[in-house]
J.: 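This is the structure I want to talk about, given as structure tokens.
We're numbering straight along the sequence, starting at 1.
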Amino acid sequence: MPDSHWVRPGHSVGVRLDEPPQVLSLGVGVHGTTGQVDVFRLPDLWQLHHYRYSADLLVDGVAHAVRPGRVSLVPPGAEVRFRYRGRSEHLYAHLRLPGTGPALTLPVMQDVGALTPLLSDLLLRAIAAAPRSPRRADAEVWSALWQLAELAEPAGRESRPHASFAAAVAYIESNLAGRLTVPEVARAAGVSHNHLLRLFRAETGETVVACIRRRRMERARHLLRESTLPIPAVAAAVGVEDLQSFNKACRRVLGASPRAVRAGG
């Protein structure tokens, strides 16, 4: 039976992501070598495509422009008509969704912008994992779907977080133990230093440096309370090698010394 879903006239789809998908097939699709047009349906499966080329796409008669860095999510049973412009290569996953949890609204086609490397990496890891660990592949594709959901407009908000802001946050979260500078974060997000500062002010009300400090201390609080790691090791794990600086940051952000935080203060 097809997954339970709905399609809106503006061509967005409702998906439910509280449980991981079941990925039936995924890989690198190569098209446009023997013909310029493909027309087909997947009656029971969703189609997730991450594009590396330009083409024209109709989904149930609605036109979408395929461009490098764009991602499409097509529901089961929809007719897709691709018109290629030569050899065309994309990452794809064909999957079933569990149909549990609140419905999230995702565009059939969206530009993932600065998140392109992250989405590509998730899908490539899924492709590599699938032969030996199908459930790992499901998890990687699940993570990719959540990334797409976060890019989509949240209910009750007039605008969604900027893709470059999301990329910057992802870079910060992945590098809290290392040396983080604002120029490095800006490069990872694909924006200028000043534009990054404006994005963080608009989205969080904080500076980039304040956000990094806060996230480091939130992770430090978790490690202090939930692990037996020595305090110097906790400091190093959140990118603060100097214990005096770590003590000051704990007091400033968490309101207590590392020892007091560990004791439940």
J.: Between T34 (side chain only) and G32 (backbone N and O only), is there a donor and an acceptor less than 3.5 Å apart?
T.: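 Answer holds: no.
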J.: Without swapping roles, check the side chain of S174 against the backbone of A170 for a donor-acceptor pair under 3.5 Å.
T.: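 Flag set: sc S174 to bb A170 pair under 3.5 Å.
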J.: Test D38 against every option in R83, H31, R81 by the side chain to side chain donor-acceptor pair (under 3.5 Å) rule and name the one that passes.
T.: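 With D38 as partner, R83, H31, R81 yield a single side chain to side chain donor-acceptor pair (under 3.5 Å), made by H31.
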J.: More than 12 heavy atoms of other residues, nucleotides or ligands under 6.0 Å from CD of E79: yes or no?
T.: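 Result for CD/E79: enclosed.
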J.: Show the nearest heavy-atom pair for residues A189 and A114, with the distance to one decimal.
T.: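 In this case the closest contact between A189 and A114 is O-CB, 3.2 Å.
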J.: Taking the side chain from R87 and the backbone from T33, do they hold a donor-acceptor pair closer than 3.5 Å?
T.: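 Here the side-chain-to-backbone pair does not exist.
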J.: What's the shortest heavy-atom distance between T116 and H50, and which atoms?
T.: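 That closest heavy-atom pairing would be O-NE2, 3.6 Å.
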J.: Do L57 and H49 come close enough that some side-chain heavy atom pair is under 4.5 Å?
T.: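 In short, these two side chains do not touch, never coming nearer than 4.5 Å.
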J.: Which residues pass the salt bridge (Lys or Arg N to Asp or Glu O under 4.0 Å) test with R136, sequence neighbours left out?
T.: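 Scan of R136 (salt bridge (Lys or Arg N to Asp or Glu O under 4.0 Å), adjacent residues dropped) gives E140.
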J.: Under a 3.5 Å distance rule, please check whether R16 uses its side chain to pair with a backbone N or O of L97 as donor and acceptor.
T.: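 Not a single qualifying donor-acceptor pair exists.
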J.: For residues 200-224, pull every pair meeting ring-ring contact (aromatic ring centres under 6.0 Å, His included), keeping only residues two or more places apart or in separate chains.
T.: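 Checked against ring-ring contact (aromatic ring centres under 6.0 Å, His included) - neighbours excluded - the pairs reaching residues 200-224 are F165-F200.
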J.: Is there a donor-acceptor pair closer than 3.5 Å between any side-chain N or O of N247 and the backbone N or O of L243?
T.: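 Flag set: sc N247 to bb L243 pair under 3.5 Å.
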J.: Answer yes or no: is there a side-chain heavy-atom contact under 4.5 Å between T181 and H193?
T.: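 No; the side chains remain at least 4.5 Å from each other.
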J.: Do any N or O atoms from the side chain of T204 and from the backbone of R201 form a donor-acceptor pair under 3.5 angstrom?
T.: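 Here the side-chain-to-backbone pair does not exist.
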J.: I need the minimum non-hydrogen distance between A63 and L58, along with the two atoms involved.
T.: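 Taking every non-hydrogen atom into account, CA-CD2, 3.5 Å.
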J.: With sequence neighbours left out, write down each residue that passes ring pair (Phe, Tyr, Trp, His ring centres under 6.0 Å) with H94, or none if nothing qualifies.
T.: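 Partners of H94 under the ring pair (Phe, Tyr, Trp, His ring centres under 6.0 Å) test: Y92.
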J.: Would you check if the side chain of R251 reaches a backbone N or O of G255 as a donor-acceptor pair within less than 3.5 Å?
T.: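 Not at all, since once roles are kept as given, no pair shorter than 3.5 Å links the two residues.
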J.: Check whether R213 reaches the backbone of V253 with its side chain - one donor and one acceptor, N or O, closer than 3.5 Å.
T.: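 Not a single qualifying donor-acceptor pair exists.
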J.: Which heavy atom in A186 sits nearest to a heavy atom in L196, and how many Å separate them?
T.: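 In terms of heavy atoms, the two residues are closest at N-CD2, 3.7 Å.
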J.: Between A167 and A188, which heavy-atom pair has the shortest distance, and what is it?
T.: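 Minimum heavy-atom separation between A167 and A188: CB-O, 4.5 Å.
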J.: Would the distance check show the side chain of W46 and the main-chain N or O of L73 forming a donor-acceptor pair, the cut-off being under 3.5 Å?
T.: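 Not confirmed, W46 side chain does not pair with L73 backbone.
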J.: What are the two closest non-hydrogen atoms of A126 and V141, and how far apart are they?
T.: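 What the structure gives for the nearest pair is CB-CG2, 3.9 Å.
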J.: Does R259 CZ have over 12 foreign heavy atoms under 6.0 Å away?
T.: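 No.
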J.: For R214, I'd like to know if atom CZ has over 12 heavy atoms of other residues, nucleotides or ligands within 6.0 Å.
T.: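 Yes, enclosed.
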J.: Has the side chain of D138 got a donor or acceptor atom that lies under 3.5 Å from a matching backbone atom of Q22?
T.: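 No: the side chain of D138 does not pair with the backbone of Q22.
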J.: Once the angle between the rings of H90 and Y51 is folded into 0 to 90°, is it parallel (under 30°), tilted (30 to 60°) or perpendicular (over 60°)?
T.: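 Rings of H90 and Y51: perpendicular, over 60°.
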J.: Is it the case that more than 12 heavy atoms not belonging to R252 sit under 6.0 Å from its CZ atom?
T.: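 Incorrect, the count does not exceed 12.
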J.: Any salt bridge linking E173 with R219? Criterion: basic side-chain nitrogen under 4.0 Å from a carboxylate oxygen.
T.: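 Answer for the salt bridge query: yes.
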J.: Would you say Y171 and N175 make side-chain contact, with heavy atoms under 4.5 Å?
T.: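 Yes, at least one pair of side-chain atoms sits under 4.5 Å.
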J.: With the side chain counted from C-beta on, respond yes when R67 and D111 share a heavy-atom pair under 4.5 Å apart, and no when they do not.
T.: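 Contact flag for R67/D111 side chains = no.
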